[in-house]
Amino acid sequence: MQFEVWAPLTGHVALRLDDATYDMARDPGREGWWTVEAPAGDGSRYGFLLDGDTTPRPDPRSRRLPDGPDGLSAVVDLEALIPVRTPPPRTRLQDAVLYELHIGTFTPEGTFDAAAARLGHLTSLGVTHVELMPVCSFPGRHGWGYDGVAPWSVHEPYGGPAGLARFTEAAHAAGLGVVLDVVHNHLGPSGNHLPAFGPYFTDTHHTPWGAAVNLDAPGSDEVRAYLLGSALVWLRDYGIDGLRLDAVHALADDRALTFLEELSAAVDELAADTGRPLFLIAESDRCDPRTVTVRADGGLGLHAQWNDDFHHALHCALTGESQAYYADFATAPLGALAKTMTRAFFHDGTWSSFRARTHGRPVDRRRTPAHRFLGYTQTHDQIGNRALGDRLSASLPPGLLACAATVALTGPFVPMLFMGEEWGAGTPWQYFTDHPDPELAEAVRAGRRREFAAHGWKPEEIPDPQDPATRDRSCLDWAEPERAAHARLLDWYRALVALRRSHPDLRDPDLAAVRVAHDEERRWLTFRRGDVRVCVNLSPEPVTIALGRNGVRVLAAWEPVEHPGPDGRVHVPGESAVVLGP
């Protein structure tokens, strides 16, 4: 078997394989690369000794780290890992309903196999894709996954590469696609061995996590190839159907051809070669439509992005919150929501009080279909980054939860749910870590308390990220969906997903065709998607909404609603929603 590693700044590299050591030779055809042939098979443990190291370091391209990021790598036989593959579903992104979940808290067991055993719940809900939060290796057992340090590997406590392969196969067998969240903008603070091998980071730019990943300084060709290769591993070798790219606005990259363009081109090429509909979904704070504009028209070529503006407007309309970035949306939240539903971004060159500057760029609705954006009421960020990790269900009555679901699932964007929201989960989803380094653990604990002390919280009120109970509280309670109050909301979600699937108008990609009317004072909003009308009443008082003409009937309603009369008016109970169609 051939072993190879990029280590351009070292004078000598050796391979430690099981109990043997092999000197490696420079590859004459590739600058900075070292290679050696050695006998190995599935499960063989190995690492690299750099310039006289006595302790081997794991392979930067390790597929498996059985003992965690500071242990030896293990050889993985991919052909044996996935001997048979069920063809993945061919659902287009515009027809998708995504479901974000965290393997470590989706079940108390926190493993791929335990999550796979719950896929029947998702198929009965009607979602089309599971979006997994990051599964790369990180120190400790429990964490969100955004502190990963080995972008080619799979977190061993979740089940390692074999567990991910089994999960993907089970999802495909159930008719579900799989999307994986990957992080290219930084690596975690502990267990990161990349700087010993080469210039993976640069001081040319600085990020909230320190030195930036080297995308444009000397040596960046190989760093970009390293990250690009790690992305293709998930799509090619594990059969995953799409990637969610974390915080692409934090990728410091001044090159003419950006890393994101390279990545989107490589994914499109792989999709063409395999005949599979692969896609990339960005998280971006820029409100820049060029993120999702095709490369031929000067864009980055990503296929979709999260739309936080839609979330923020809807959140303010539901809760009345106005702190931090919600301030920009809180003055007239229904008006902000109407703008996002018809123009995607609220900030499209407008003043942002939170940023103290203008922000964003308009979306060209003639060229940009609605399915370039994901719409949602909750995400891991919007729950977990709150002081107590409280969901909407902790403060809103069921009727308003139903209204939120109605807007997201019948609105113009590709819907995404966060695990448990479909039944109004009573469990929080809090920030938790498991750093083995006691100094780092204390720094994270103190930093979390300091962050929220600035907003008036007492230190003792903030959950300790390192306390195992914080993770345990965040696990879903799978007894809840059987209880009456939760079951009613779950049935509503199922009805809305079914309506989206059965009514093509609810998947129409034409943003310019969406019509929205609202009353800020009386707190109602109605919108039209083709021949489908949706009315949402956020007030506790009933309202009468004029639809403009008759000819529609009630398709679904949270509370009993009579069909509109000859005058085309519909009477909507307080804190309720109704969907109407021909």
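Along the sequence shown, the residues carry numbers beginning at 1.
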Residues Arg64 and Glu156 bridged, charged N to O under 4.0 Å: yes

Does some side-chain heavy atom of Val127 sit less than 4.5 Å from a side-chain heavy atom of Leu417? yes

What's the verdict on side chain to side chain donor-acceptor pair (under 3.5 Å) for Glu100 and Thr379, showing C-alpha distance, side-chain angles and the deciding distance? CA-CA 7 Å; Glu100 186 188 23; Thr379 70; 5.0 Å; no

Do the side-chain N and O atoms of Arg57 and His193 include a donor-acceptor pair separated by under 3.5 angstrom? yes

In this structure, is the centre-to-centre distance between the rings of Tyr146 and His380 below 6.0 Å? yes

Can the ring centroids of Phe345 and Phe373 be said to lie less than 6.0 angstrom from one another? yes

Check this for me, if you would: do Asp285 and Arg355 make a salt bridge, where the nitrogen-to-carboxylate-oxygen distance has to be below 4.0 angstrom? yes

Decide side-chain contact (heavy atoms from CB on, under 4.5 Å) for Leu164 and Leu132; before the verdict, give the C-alpha distance in whole Å, the side-chain angles of both, and the deciding distance to 0.1 Å. CA-CA 10 Å; Leu164 177 59; Leu132 301 179; 4.2 Å; yes

Would you say the ring centers of Phe3 and Tyr46 fall short of 6.0 Å from each other? yes

Could you check, using the six-membered ring where one of them is a Trp, whether His184 and Phe259 have ring centers closer than 6.0 angstrom? yes

Under a 4.0 Å threshold between the charged nitrogen and the carboxylate oxygen, would Asp59 count as salt-bridged to Arg61? no

May I ask you to check whether Asp328 and His347 show a side-chain donor-acceptor distance below 3.5 Å? yes

Could you tell me whether the side chain of Arg90 and the main chain of Gly275 form a donor-acceptor pair under 3.5 Å? yes

Do His205 and Asp216 have side-chain atoms, one donor and one acceptor, less than 3.5 Å apart? yes

How about His312 and Phe346: are their ring centroids closer than 6.0 Å? no

For residues Tyr200 and Trp6, establish whether the separation of their ring centroids is below 6.0 Å. yes

Test of ring centre spacing under 6.0 Å for His155 and Phe138: yes

Under 3.5 Å, is there a donor-acceptor pair between the side chain of Glu222 and the main chain of Gly219? no

Going by an N to O cut-off under 4.0 Å, is there a salt bridge joining Arg224 and Asp253? yes

Salt-bridge criterion met for Arg255 and Glu262 (N-O under 4.0 Å): no

Working note: Asp510 + Arg365, criterion salt bridge (charged side-chain N to carboxylate O under 4.0 Å, His left out); need CA distance, chi angles, decisive distance, verdict. CA-CA 7 Å; Asp510 186 359; Arg365 296 185 295 173; over 6 Å; no

Does Asn192 reach the main-chain N or O of Leu187 with its side chain, forming a donor-acceptor pair under 3.5 Å? no

With no hydrogens and no angle check, is any side-chain donor or acceptor of Asn185 less than 3.5 Å from a backbone partner on Asp246? yes

Between Asp95 and Arg507, does any NZ, NE, NH1 or NH2 come within less than 4.0 Å of an OD or OE carboxylate oxygen? yes

Determine, for Arg166 against Glu169, whether the closest basic-nitrogen to carboxylate-oxygen distance falls under 4.0 angstrom. no

So does Cys136 get a backbone contact from the side chain of Ser153, meaning a donor-acceptor N/O pair under 3.5 Å? no

Derivation of the side chain to side chain donor-acceptor pair (under 3.5 Å) call for Asp241 and His172: CA-CA 10 Å; Asp241 305 287; His172 286 170; 2.8 Å; yes

Does the ring of Trp306 carry Arg244 above it, NZ/CZ under 6.0 angstrom from centre and within 45° of its axis? yes

In terms of side-chain heavy atoms, does Glu261 have a donor or acceptor partner in Ser264 at a distance below 3.5 Å? no

Pair Arg366 + Asp364, salt bridge at N-O below 4.0 Å: yes

Run through Arg361, Lys339, His359 and flag the one making a side-chain hydrogen bond (donor to acceptor under 3.5 Å, both in side chains) with Asp348. Lys339

Do the ring centers of His102 and Trp144 come within less than 6.0 Å of each other? no

Dump the intermediate steps for side-chain contact (heavy atoms from CB on, under 4.5 Å) on Leu101 and Phe418, then the final yes or no. CA-CA 6 Å; Leu101 69 83; Phe418 181 70; over 6 Å; no

Between the side chains of Thr433 and Gln466, does any donor sit under 3.5 Å from an acceptor? yes

Might you work through the salt bridge (charged side-chain N to carboxylate O under 4.0 Å, His left out) test for Asp237 and Arg63, ending with a clear yes or no? CA-CA 11 Å; Asp237 297 344; Arg63 302 299 185 93; 3.1 Å; yes

Tell me if the centroids of the rings in His129 and Tyr99 come within less than 6.0 Å of each other. no

State, with a plain yes or no, whether a side-chain heavy atom of Asp268 is found less than 4.5 Å away from one of Arg295. yes

For Thr105 and Trp429, which I'm curious about, is there any donor-acceptor pair between the side chains at under 3.5 Å? yes

